[in-house]
Peer 1: 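One structure, pasted below without further comment.
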Amino acid sequence: MDEISISMIVVTLWETFGGLSVMAAIVGVVLFGMLIAGFVRVRAKGMPASRLFRQGVLIMLVLAAVITPFVPLWTLAPVGDLHGLVDYVFAYSIALAPAAIFGIFWVDIRSRLQQAVPS
């Protein structure tokens with residue numbers, strides 16, 4: 001245990017997850033850009049962005065609840081491994097990631113399809 005240091009842990013984590021974290025950061029920036037562009041599109045059409053935001057959040061929360069029972073499959077755990085409240089809370093928080101991506105896609109698609117408010 002004397003050979004383990006903080007720098008060794010950081011180097012090991014970077015070698016293990018370095019490429020994935022860079023890719024995740026790029027995807028996060030693209031998704032954030034899609035979200036902002038959707039809100040700008042809606043505001044340019046003269047509509048309030050709050051309604052679209054609430055719809056996206058509602059879609060995200062409902063989809064995360066639907067995905068939650070399937071989270072153990074992603075972590076290679078048995079399907080019936082969710083027993084206690086803490087298990088469901090952690091599974092729900094993990095399910096929020098793909099649900100948030102779907103919510104952002106919802107906001108982007110709806111912002112493109114909504115008609116402008118007539119003046």
Peer 1: Could you check whether atom CZ of Phe53 has more than 12 heavy atoms from other residues, nucleotides or ligands sitting under 6.0 Å from it?
Peer 2: no
Peer 1: How far apart are the C-alpha atoms of Leu61 and Leu96, what are their side-chain angles, what is the distance that settles it, and do they pass the side-chain contact (heavy atoms from CB on, under 4.5 Å) test?
Peer 2: CA-CA 7 Å; Leu61 295 175; Leu96 281 173; 4.2 Å; yes
Peer 1: Rounded to the nearest 0.5 Å, what separates atom OG in Ser111 from atom NZ in Lys45?
Peer 2: 6.5 Å
Peer 1: Examine Ile94 and Leu82 and state if one hydrophobic cluster contains both, with Ile, Leu, Val, Met, Phe, Trp and Tyr joined whenever side-chain heavy atoms are less than 4.5 Å apart.
Peer 2: no
Peer 1: Rounded to the nearest 0.5 Å, how far apart are CE of Met34 and CD1 of Ile101?
Peer 2: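 Here the interatomic distance stands at 10.0 Å.
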Peer 1: Taking atom CZ of Arg110 and atom CD1 of Ile59, what is their separation to the nearest 0.5 Å?
Peer 2: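 Output value for this atom pair is 9.5 Å.
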Peer 1: Using 0.5 Å steps for rounding, measure from the CZ atom of Arg41 to the CG atom of Leu52.
Peer 2: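 It comes to 10.0 Å.
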Peer 1: Do Val27 and Met60 sit in one hydrophobic cluster, given that two such residues count as connected whenever their side-chain heavy atoms are within less than 4.5 Å of each other, even indirectly?
Peer 2: yes
Peer 1: Say whether, by atom type as modelled, one donor and one acceptor occur between the side chain of Arg43 and the main chain of Met47 under 3.5 angstrom.
Peer 2: yes
Peer 1: Is Phe105 linked to Ile36 within one hydrophobic cluster, defined over Ile, Leu, Val, Met, Phe, Trp and Tyr using a side-chain heavy-atom separation of less than 4.5 Å?
Peer 2: no
Peer 1: Are any non-hydrogen side-chain atoms of Pro69 and Tyr88 less than 4.5 angstrom apart?
Peer 2: no
Peer 1: Kindly give the heavy-atom pair with the smallest separation between Ala95 and Ala64, and that separation in Å.
Peer 2: CB-O, 3.6 Å
Peer 1: To the nearest 0.5 Å, what is the distance between OH (Tyr92) and OG1 (Thr68)?
Peer 2: 6.5 Å
Peer 1: Report yes or no: do Leu63 and Trp74 belong to one cluster of Ile/Leu/Val/Met/Phe/Trp/Tyr joined by side chain heavy-atom distances under 4.5 Å?
Peer 2: yes
Peer 1: Determine, using the 4.5 Å side-chain heavy-atom cutoff (strictly less than), whether Val62 and Val57 are members of one ILVMFWY cluster.
Peer 2: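 Result: no, two separate clusters.
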Peer 1: Taking atom CZ of Phe90 as the centre, report whether more than 12 heavy atoms of other residues, nucleotides or ligands fall under 6.0 Å from it.
Peer 2: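 Open.
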Peer 1: Is a donor on one side and an acceptor on the other found under 3.5 Å between the side chain of Asp108 and the backbone of Ile104?
Peer 2: no
Peer 1: Could you state the interatomic distance from CG (Leu35) to CH2 (Trp106), rounded to the nearest 0.5 Å?
Peer 2: 14.5 Å
